[in-house]
Amino acid sequence: MLDVLQVGNLTVWLDEPNWQEQVKEAFKQGVSVSLIAPPDARGDFKSVILSLALEAMEVEFLQVHPVMELCRGVARIGSEIVNLKTS
């Protein structure tokens with residue numbers, strides 16, 4: 001049902017200081033998120049993926065485990081991307 005309600009996609013860069021808040025706000029609005037890590041943040045990216053897989057995010061009064069749809073390296077820009085959405 002939530003797949004039908006999700007209306008768009010927001011791009012968030014992992015090196016932005018408020019990336020977690022941006023993801024939470026997108027989920028509140030029913031928007032999926034493309035979380036992108038620059039080439040020099042691959043270690044951080046791996047930690048974030050593990051954290052998102054193991055720990056729920058608090059979005060208002062809900063505990064949300066984001067679904068990771070796709071994880072890939074982008075050769076053109078050398079970045080890593082994961083698409084997140086609510087389950």
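Residues take their numbers from the sequence shown, with the count starting at 1. Quick note: numbers below take in every heavy atom, side chains included, and nothing from hydrogens, waters or symmetry partners. None of these values were measured; they are calculated from a predicted model.
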Among L10, I49, V12, find the residue that satisfies the side chain to side chain contact (heavy atoms under 4.5 Å, CB included) test when tested with L35. V12

I'd like to know whether E60 forms a side-chain contact (heavy atoms from CB on, under 4.5 Å) with L62, so could you lay out the CA-CA distance, the side-chain angles of the two residues, the decisive distance to 0.1 Å, and finally the verdict. CA-CA 6 Å; E60 294 184 328; L62 299 174; 5.9 Å; no

Check the pair L14 / D44 against side-chain contact (heavy atoms from CB on, under 4.5 Å), numbers first and verdict last. CA-CA 8 Å; L14 185 62; D44 292 338; 4.1 Å; yes

Determine whether more than 12 heavy atoms belonging to other residues, nucleotides or ligands lie under 6.0 Å from atom NZ of K46.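 Count not over threshold, so no.
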
Taking all atoms of both residues into account, what is the closest heavy-atom pair of [X] and [Y], and its distance?
{"X": "Q63", "Y": "A56", "value": "OE1-CB, 3.4 Å"}
{"X": "W19", "Y": "W13", "value": "CB-O, 3.6 Å"}
{"X": "F45", "Y": "A37", "value": "CD1-CB, 3.4 Å"}

Measuring only between side-chain heavy atoms, which start at C-beta, is F27 closer than 4.5 Å to S32? no

Let me confirm one number: the NZ-CD distance from K24 to Q22, rounded to the nearest 0.5 Å.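 Interatomic distance, K24 NZ to Q22 CD, rounded to 0.5 Å: 12.5 Å.
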
Starting at NZ of K28, measure out to CD of E21 and round the result to the nearest 0.5 Å.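 K28 atom NZ to E21 atom CD measures 7.0 Å (nearest 0.5 Å).
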
L52 and M57: CA distance, side-chain angles, deciding distance, side-chain contact (heavy atoms from CB on, under 4.5 Å) verdict: CA-CA 8 Å; L52 290 171; M57 294 180 78; 3.9 Å; yes

